[in-house]
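Numbers here simply count residues along the sequence, with the first being 1. Predicted model only: the values in this text are computed from it and were never measured. When a ligand or atom number is given, it counts from 1 through the structure's own listing order.
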Amino acid sequence: MKAVVYKEPFKVAVEEVPDPRMEHPNDVIVRVTSTAICGSDLHMYEGRTAAEPGIVFGHENMGIVEEVGDGVTSIRQGDRVVMPFNVACGFCKNCVAGYTGFCLTVNPGFAGGAYGYVAMGPFIGGQAERLRVPYADFNCLKLPPGDEHETDFILLADIFPTGYHGCELAQVSPGESVAVYGGGPVGLMAAYSALLRGASKVFVVDRVAERLQKAEQIGAIPINFTERNPAEQIKEQTGGEGPDKGVDAVGYQAQAHTEEREEPAIVLNSLIDTVRPTAMLGIPGLYVPADPGAPDESAKRGQLLVSVGRAFEKGLRLGTGQCNVKRYNRQLRDLIIEDRAKPSFVVSHELPLDQAPMAYEKFDKRVEGYTKVILHPQG
Ligand code: ZN
Ligand code: ZN
């Protein structure tokens, strides 16, 4: 089958790789109809991880079930399904508690598994014609047959639940004000989720005009951090005290406010500054325990200069970690089915798999409006 294969920093190729095979009676094989490129794929693409050449990318996948193992009971051939990017067993302590992003059995020595991602286990990515899904009863979410809402449903694999998770970590409640740092796909999904949860006022902080426009389009208030200190801009619009909740949808590759350089702790520190005392922060933005590409020695070891004293003084509470997609994907699917949510407004391009090398290059450079790309392996 054809698949997107990592070759070297800043280079992927579409190549022939072996078809996935059934490895266990609980597996299914899915013919991939949609698979998305994610901002976190760029960490590997840019060579900032230990990803080895030859890895097949793709953790945001949906398609039609083609083969079903004898041990699978709820999924049938021909079912249309979307898979959480987390690969999870369903029976370990963390899975049972709903923390499927931290499954203890699928990736020995590490809490959590994912398709096509360095250090996240042996699971081959879905930017390919076919995908093997382990523990299929647990990891497949069934969708209505046909092709309706395809571009909305693919976002259930990661970014819609991940944005929602940011709001859940911050416990965003009706009537509250929320500052979302980052207007990329996850930040926009966090802002959208805050509005779905009944927030009264949602701010989206970024500097890219198209992102700020999209934020405004969904009813959020755009804040351009290059114009003036974003914390001040937001405080002015929340009675001087700051919003009730904050979401960090940027992570460690954050950019300094006034110049073109990375400043890994700037979003955390800005959020601590922005929100009102006793606020809660949700941090779904990615931070890593080591980053060879970081701008200073301590950041290379994953240690950032965060204003802990200020956070303590304000009595802030914070929640971190990757999204447990399965905790939200069913409910978010039903909002899509009932036309109460339409997350596909973040999708900028839909392309055949063959065009992945070009799409990666343009998405990485953030040119020509490449913000969220969906690949269709079946043409
Ligand atoms: Zn993703
Ligand atoms: Zn588990």
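Angle SG(Cys89) to the Zn ion (ligand 2) to SG(Cys92), rounded to 10°: 110°. Rounding to the nearest 10°, we obtain 110° for the angle at the Zn ion (ligand 1) between His59 NE2 and Cys38 SG.
Following chains of ILVMFWY side-chain contacts shorter than 4.5 Å, one can reach Ile159 starting from Leu141, so the two form part of one hydrophobic cluster. In this structure, Tyr360 is a member of the same hydrophobic cluster as Leu351, with clusters built from ILVMFWY side-chain heavy atoms closer than 4.5 Å.
Counting just the N/O/S atoms of Asp158, the one with the shortest distance to the Zn ion (ligand 1) is named OD2. The Zn ion (ligand 1) lies closest to atom OE2 when only the N/O/S atoms of Glu60 are considered.
In terms of modelled atom types and a separation under 3.5 Å, the side chain of Asp364 and the main chain of Leu42 share no donor-acceptor contact. With hydrogens and angles ignored, the 3.5 Å screen pairs a side-chain donor or acceptor of Gln127 with a backbone N or O of Ala36.
The Zn ion (ligand 1) lies at 2.8 Å or more from every N, O or S atom belonging to Asp41.
Across Tyr252, Phe57, Tyr117, Tyr6, a single residue satisfies ring-ring contact (aromatic ring centres under 6.0 Å, His included) together with His43, and that is Tyr252.
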